Asker: 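Sending over a structure as structure tokens; questions will come in a sec.
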Amino acid sequence: MQKPYVYVTRKLPEETLKALREIAEVSMWPHEEKAVPREVLLKEAQKAEGLLTMLSDKVDGELLDNAPSLKVVANLAVGYDNIDINKAKENNITVCNTPDVLTDSTADLAFALILATARRIVESANYVKEGKWNSWGPLLLAGADVHHKTIGIVGMGRIGEAVARRAKGFDMNILYHNRNRKPEAERNLNAQYKDFYDLLKESDFVVCLAPLTPETKGMFNREAFQAMKKNAIFINAGRGASVDEEALVDALQNNIIAGAGLDVFVQEPIASDHPLLNMNQVVALPHIGSASVETRMKMAELACRNIASILDGKAAETPVN
């Protein structure tokens with residue numbers, strides 16, 4: 001009996017594919033840091049029963065309508081805004097993501113951005129490496145404290161709650177804004193629910209962890225940044241499209257806010273000449289929220305298990321639709 005065909009759109013460690021290879025014929029794009037070309041993905045999708053995709057892969061109506069055998073798309077991420085969920089449902093294709101396994105790693109990274117931006121870590125490290133450290137000064141590269149400050153978390157899902165737990169360890173005052181209130185988080189973390197603009201006005205650190213929806217797209221605009229404190233720091237470890245980057249550049253250049261720590265951008269990879277990358281008060285990372293070896297391995301294994309389950313006629317562990 002012929003095995004079902006599965007295509008993996010980015011090179012993954014072989015050990016994560018072992019179980020999947022036992023039940024399927026698996027083909028994989030041979031590059032880890034180079035995205036599969038659109039024409040290759042379309043061609044592979046035409047014959048695949050399963051796709052293991054990345055956030056950078058556009059799984060749209062064109063692809064889904066020309067994939068007659070496709071049963072499952074497993075996205076190596078929590079987010080899935082790269083996939084046309086309605087079209088997949090219409091075509092009886094299961095879409096899966098990889099929640100939970102990356103919660104703590106992403107929360108660690110978000111809090112690392114808070115610390116790095118507030119305490120000017122990257123700027124200070126470069127200062128030493130560039131041979132500029134010739135003497136000590138009382139306010140040399142002095143940044144802002146994190147402890148006992150107010151953090152405002154926009155998007156109080158699993159990762160938001162994990163960031164709040166870390167903030168609690170720094171004796172921070174925790175505010176949050178979310179589509180729905182979280183009574184349990186309010187009790188356990190002493191977090192206070194706030195309207196969006198009230199949160200912006202009161203927070204020293206504003207952390208965006210919201211999923212990308214029509215409501216959150218571009219929510220951090222000129223009005224939002226103007227509502228923030230002049231000494232506030234903006235952190236985005238959620239979705240790049242939640243931010244109007246032109247408005248963020250303007251807010252930073254005109255000292256409307258004090259700094260930004262960014263792991264995600266509207267266009268990825270971000271262009272090297274983007275104005276955000278020319279500012280010392282910005283810490284910019286290449287979308288590495290879940291990029292610990294342990295977590296990425298778990299994500300790949302979960303994606304493979306989801307595909308294997310669907311191809312075996314069973315329910316996926318983490319279906320989206």
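It should be emphasised that the depicted structure is a prediction, and the values quoted were computed from it without experimental measurement. All heavy atoms count here, side chains included; hydrogens, waters and symmetry mates do not.
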Asker: Which residues pass the salt bridge (charged side-chain N to carboxylate O under 4.0 Å, His left out) test with E245, not counting sequence neighbours?
Answerer: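 None.
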
Asker: Do side-chain atoms of N254 reach the backbone of A251 as a donor and acceptor pair under 3.5 angstrom?
Answerer: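 Not at all, since once roles are kept as given, no pair shorter than 3.5 Å links the two residues.
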
Asker: Mind checking what makes ring-ring contact (aromatic ring centres under 6.0 Å, His included) contact with Y193, not counting sequence neighbours?
Answerer: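 Applying ring-ring contact (aromatic ring centres under 6.0 Å, His included) to Y193 gives Y176, H177.
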
Asker: Show every salt bridge (Lys or Arg N to Asp or Glu O under 4.0 Å) that has at least one partner inside residues 108-119, sequence neighbours left out.
Answerer: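 Sorted result for residues 108-119: D108-R166.
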
Asker: Determine the minimum heavy-atom distance between R239 and V78, stating which atoms define it.
Answerer: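 Looking at all heavy atoms of both residues, the closest pair is NH2-C, 4.4 Å.
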
Asker: Does N97 offer a backbone N or O that forms a donor-acceptor pair with the side chain of N75 under 3.5 Å?
Answerer: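 No, N75 side chain to N97 backbone: no donor-acceptor pair under 3.5 Å.
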
Asker: What residues form a ring-ring contact (aromatic ring centres under 6.0 Å, His included) with F220, not counting sequence neighbours?
Answerer: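 Expected list: F196, F234.
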
Asker: Return yes if some donor-acceptor pair links the side-chain N/O of K132 with the main-chain N/O of V128 below 3.5 Å, else return no.
Answerer: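 Absent.
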
Asker: Using side-chain contact (heavy atoms from CB on, under 4.5 Å) as the criterion, point out the one residue from T9, D84, L64 that pairs with V59.
Answerer: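 When T9, D84, L64 are each tested with V59, the side-chain contact (heavy atoms from CB on, under 4.5 Å) holds only for L64.
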
Asker: Give me the atom names and distance for the closest heavy-atom approach of L311 to A24.
Answerer: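 Nearest heavy atoms, L311 then A24: CD1-CB, 4.4 Å.
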
Asker: Identify, with sequence neighbours excluded, every residue that meets ring-ring contact (aromatic ring centres under 6.0 Å, His included) alongside H274.
Answerer: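 Counting only residues at least two positions away or on another chain, H274 forms no ring-ring contact (aromatic ring centres under 6.0 Å, His included).
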
Asker: Give a yes or no answer on whether the side chain of N255 reaches the backbone of N231 with a donor-acceptor pair at less than 3.5 Å.
Answerer: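 Looks like no, no N/O pair under 3.5 Å.
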
Asker: Using modelled atom types only, decide if a donor and an acceptor are shared between the side chain of N321 and the backbone of V95 within a distance under 3.5 Å.
Answerer: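 Confirmed, N321 side chain pairs with V95 backbone.
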
Asker: Kindly give the heavy-atom pair with the smallest separation between I174 and K168, and that separation in Å.
Answerer: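 Minimum heavy-atom separation between I174 and K168: CD1-N, 4.0 Å.
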
Asker: For the residue pair N82 / S56, report whether a side-chain donor-acceptor contact shorter than 3.5 Å exists.
Answerer: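 Side chains of S56 and N82: no pair found under 3.5 Å.
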
Asker: Would R222 and E246 satisfy salt bridge (charged side-chain N to carboxylate O under 4.0 Å, His left out), going step by step from the backbone distance to the final call?
Answerer: CA-CA 9 Å; R222 293 184 190 280; E246 187 176 318; 3.2 Å; yes

Asker: Could K47 and Y5 be counted as a cation-pi pair, given that NZ or CZ must be under 6.0 Å from the ring centre and within 45° of the axis?
Answerer: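 Yes; both conditions hold, so K47 lies above the ring face of Y5.
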
Asker: Looking only at atom types and distance, does a side-chain atom of T16 sit under 3.5 Å from a main-chain N or O of P13, one as donor and one as acceptor?
Answerer: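 Yes: the side chain of T16 pairs with the backbone of P13.
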
Asker: State, to 0.1 Å, how close L113 and N236 come at their nearest heavy-atom pair, and which atoms those are.
Answerer: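 Between these two residues, the closest heavy atoms are CD1-O, 4.4 Å.
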
Asker: Only distances under 3.5 Å count here; give the side-chain donor-acceptor pairs of residues 203-215 to other protein atoms, sequence neighbours excluded, each with its distance to 0.1 Å.
Answerer:
| residue | atom | partner | partner atom | Å |
| --- | --- | --- | --- | --- |
| S203 | OG | G152 | N | 3.4 |
| S203 | OG | L199 | O | 2.7 |
| D204 | OD1 | K229 | NZ | 2.9 |
| D204 | OD2 | T150 | N | 2.8 |
| T213 | OG1 | E215 | N | 3.3 |
| T213 | OG1 | E215 | OE1 | 3.2 |
| T213 | OG1 | T216 | N | 3.2 |
| T213 | OG1 | T216 | OG1 | 3.3 |

Asker: Please report the closest heavy-atom contact between T103 and A162, naming both atoms and the distance.
Answerer: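 The answer is CG2-CB, 3.9 Å.
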
Asker: What are the two closest heavy atoms between D244 and N221, and how far apart are they?
Answerer: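 Shortest heavy-atom contact: CB-CA, 4.1 Å.
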
Asker: As a quick check of understanding, evaluate side-chain hydrogen bond (donor to acceptor under 3.5 Å, both in side chains) for E202 and N173, giving each step before the final call.
Answerer: CA-CA 10 Å; E202 297 177 32; N173 177 38; 5.8 Å; no

Asker: Using a strict threshold of under 4.0 Å (side-chain N to carboxylate O), is an ion pair present between R158 and D100?
Answerer: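 Salt bridge: yes.
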
